[in-house]
Amino acid sequence: MTGGVNSFQVSGYGPERSGWTRILARDSVARRLDWPILLSATVLSLLGSLLVFSATRNRTELNQGDPYFFLVRHLLNTGIGFALMVGTVWLGHRTLRTAVPILYGVSVFLILLVLTPLGSTVNGAHSWIKLGGGFSLQPSEFVKVTIILGMAMLLATRVDAGDKQHPDHRTVLQALGLATVPMLIVMLMPDLGSVMVMVVIVLGVLLASGASNRWVFGLLGAGLIGALTVWQLGVLDEYQINRFAAFANPELDPAGVGYNTNQARIAIGSGGLTGAGLFHGSQTTGQFVPEQQTDFVFTVAGEELGFVGGGLIIVLLGIVLWRACRIAREATDLYSTIVAAGIVAWFAFQTFENIGMTLGIMPVTGLPLPFVSYGGSSMFAVWIAVGLLQSIRVQRPMSA
């Protein structure tokens, strides 16, 4: 057979193939995927479905009388997230780079909608948009993605073009301005946990971009001053202040503001090495830990699967982070490096914060555990991030 067949081709693969060999060209995409990330994320999501089911099957006030209500929705969210990951790989991170202005504008518009009567309050944070049918959207989860893509686009443009070796001060200021706008809007909700993640993302992106370290130290200092100012001006809601107070003093009001953390530690501590067995945790069955299907899902693993089960979750998340770091290190352009590094910063901090708050070593902020906690917006966002990582790896030239 002669050439001329318009076969599937991945960027960096060389000449197009013809005839039946285009099937092999398609297979080459699968071979270039980072399977440790894909398999680890999939296992985490499926394990999360069991933990969510255990935490909610007896919660009739939440599951509308259907013990499988949250299980089915968690699996549905996982399926949609996986489809979004496939779509992201198909589009490619470089294609999404050209669509950053549109994506950024849509994400800012959505978080502004939250501040209108269309927004709703959940656990003190006015950060949701009710969609009807029991579904809701948390736009701040997708802002994390657009901040990474937007800052990467600005910081890498002149460097990847060969005009500069590192981003200049003007470019850094533009990138910081891009990130600051949505962060200020999210702060007004107020969603302090999401803002904390975004701050860490910004720092990770700047470090990966090669920007002057003075920017990083300057931002750390500005962040400290800003946090003290916010505290003194009373911008934080009372429930957020109480959470920090309970973190500073775990014995403060154990039946009130310290209740969540105390019950979480009891649940994890009672699990021992191998746990009480799935669906057999007394704290979980007795419904002593609030928000156990979302923010405190790790307590189900600690109580029912023990140190072994909790350790497995940490190992799987560690594999995701390790492989993401490798993708960032092996990327052949600054834009790809920054995107991967921003995702690493996001996943690492959110994982540490979520597990840390269940152990009492971090303040309670309402951040979900990536891939594991129940929640559509969070699940969609983290799988889109996995798609970006896979795209960077798939489109890497063969010689890299």
Side-chain angles (χ1 to χ4, degrees), residues 39-85 122-123 128 131 133-138 141 193 260 263-264 266-268 270-271 275-306 308-317 320 347 350-351 353-355 357-359 364-383 386:
L39 293 176
S40 296
T42 301
V43 172
L44 283 167
S45 295
L46 295 178
L47 180 58
S49 67
L50 293 176
L51 301 179
V52 167
F53 178 53
S54 179
T56 59
R57 61 194 179 93
N58 295 322
R59 301 292 296 269
T60 55
E61 78 282 7
L62 296 177
N63 62 27
Q64 303 179 15
D66 179 6
Y68 299 98
F69 179 83
F70 283 94
L71 172 62
V72 171
R73 291 197 171 206
H74 187 87
L75 291 173
L76 177 62
N77 290 336
T78 300
I80 296 173
F82 193 88
L84 290 171
M85 182 270 294
V122 178
N123 295 330
W128 300 82
L131 302 178
F135 291 94
S136 57
L137 180 71
Q138 189 178 13
E141 291 293 336
N260 289 17
Q263 293 300 321
I266 291 172
I268 294 175
S270 65
L278 195 61
F279 311 133
H280 292 91
S282 58
Q283 289 289 110
T284 300
T285 303
Q287 305 173 18
F288 291 104
V289 184
E291 306 300 330
Q292 204 169 15
Q293 76 276 15
T294 53
D295 304 342
F296 288 91
V297 71
F298 189 76
T299 62
V300 186
E303 180 182 26
E304 298 188 344
L305 304 180
V308 173
L312 175 62
I313 290 176
I314 294 174
V315 168
L316 290 172
L317 287 165
V320 172
F347 284 7
Q350 193 158 316
T351 296
E353 166 59 29
N354 178 276
I355 296 177
M357 73 182 185
T358 64
L359 298 174
V364 176
T365 56
L367 289 173
L369 185 60
F371 305 103
V372 182
S373 292
Y374 175 79
S377 299
S378 173
M379 186 69 77
F380 302 159
V382 294
W383 274 105
V386 170

Closest heavy-atom pair and its distance - Ala267, Val289: CB-CG2, 4.2 Å
Closest approach of Thr78 to Ser45 (non-hydrogen atoms, all atoms of both residues): CG2-CB, 3.6 Å
Residues Phe279 and Thr285: closest non-hydrogen pair is O-OG1, 3.9 Å
Check whether any side-chain heavy atom of Val386 sits under 4.5 Å from a side-chain heavy atom of Val320, and report yes or no. no
From CD (Glu304) to OG (Ser270), nearest 0.5 Å: 9.5 Å
Have Thr365 and Glu353 got a donor and an acceptor in their side chains that come within less than 3.5 Å? yes
If you take all heavy atoms of His74 and Tyr374, which pair is closest and at what distance? ND1-CA, 3.8 Å
Are Asn77 and Phe380 close enough, and set up right, to give a side-chain contact (heavy atoms from CB on, under 4.5 Å), and what steps lead you there? CA-CA 7 Å; Asn77 290 336; Phe380 302 159; 3.8 Å; yes
Let me confirm one number: the CG-CG distance from Leu278 to Leu50, rounded to the nearest 0.5 Å. 5.5 Å
Tell me if the aromatic rings of Phe347 and Phe371 count as close, with their centers under 6.0 Å from one another. yes
Tell me, with the steps shown, if Gln293 and Ser373 meet side-chain contact (heavy atoms from CB on, under 4.5 Å). CA-CA 6 Å; Gln293 76 276 15; Ser373 292; over 6 Å; no
In sequence, state the C-alpha distance, the side-chain angles, and the governing distance for Leu71 and Val52, and then conclude on side-chain contact (heavy atoms from CB on, under 4.5 Å). CA-CA 6 Å; Leu71 172 62; Val52 167; over 6 Å; no
Could you tell me which non-hydrogen atom of Trp128 sits nearest to which non-hydrogen atom of Ser136, and how far apart they are? CE3-OG, 3.5 Å
Thr284: side-chain hydrogen bond (donor to acceptor under 3.5 Å, both in side chains) partners, not counting sequence neighbours: Gln292, Glu303
To the nearest 0.5 Å, tell me how far Leu44 CG sits from Leu316 CG. 4.5 Å
What's the spacing between Asn354 CG and Leu367 CG if we round to 0.5 Å? 7.5 Å
List the atom of Ser378, the atom of Gln350, and the distance in Å for their closest heavy-atom pair. OG-NE2, 4.5 Å
With ring centroids as reference points, do Tyr68 and Phe53 lie under 6.0 angstrom apart? yes
Under a 4.5 Å cut-off applied to non-hydrogen side-chain atoms, are Ile268 and Phe298 in contact? yes
Rounded to the nearest 0.5 Å, how far apart are CZ of Phe70 and OG1 of Thr294? 9.0 Å
Rounded distance [0.5 Å steps], OG in Ser282 versus CD1 in Ile266: 9.5 Å
Working for side-chain contact (heavy atoms from CB on, under 4.5 Å), residues Asp295 and Leu369: CA-CA 7 Å; Asp295 304 342; Leu369 185 60; over 6 Å; no
If we ignore hydrogens and angles and just use 3.5 Å, is the side chain of Ser49 paired with the main-chain N or O of Leu46 as donor and acceptor? yes
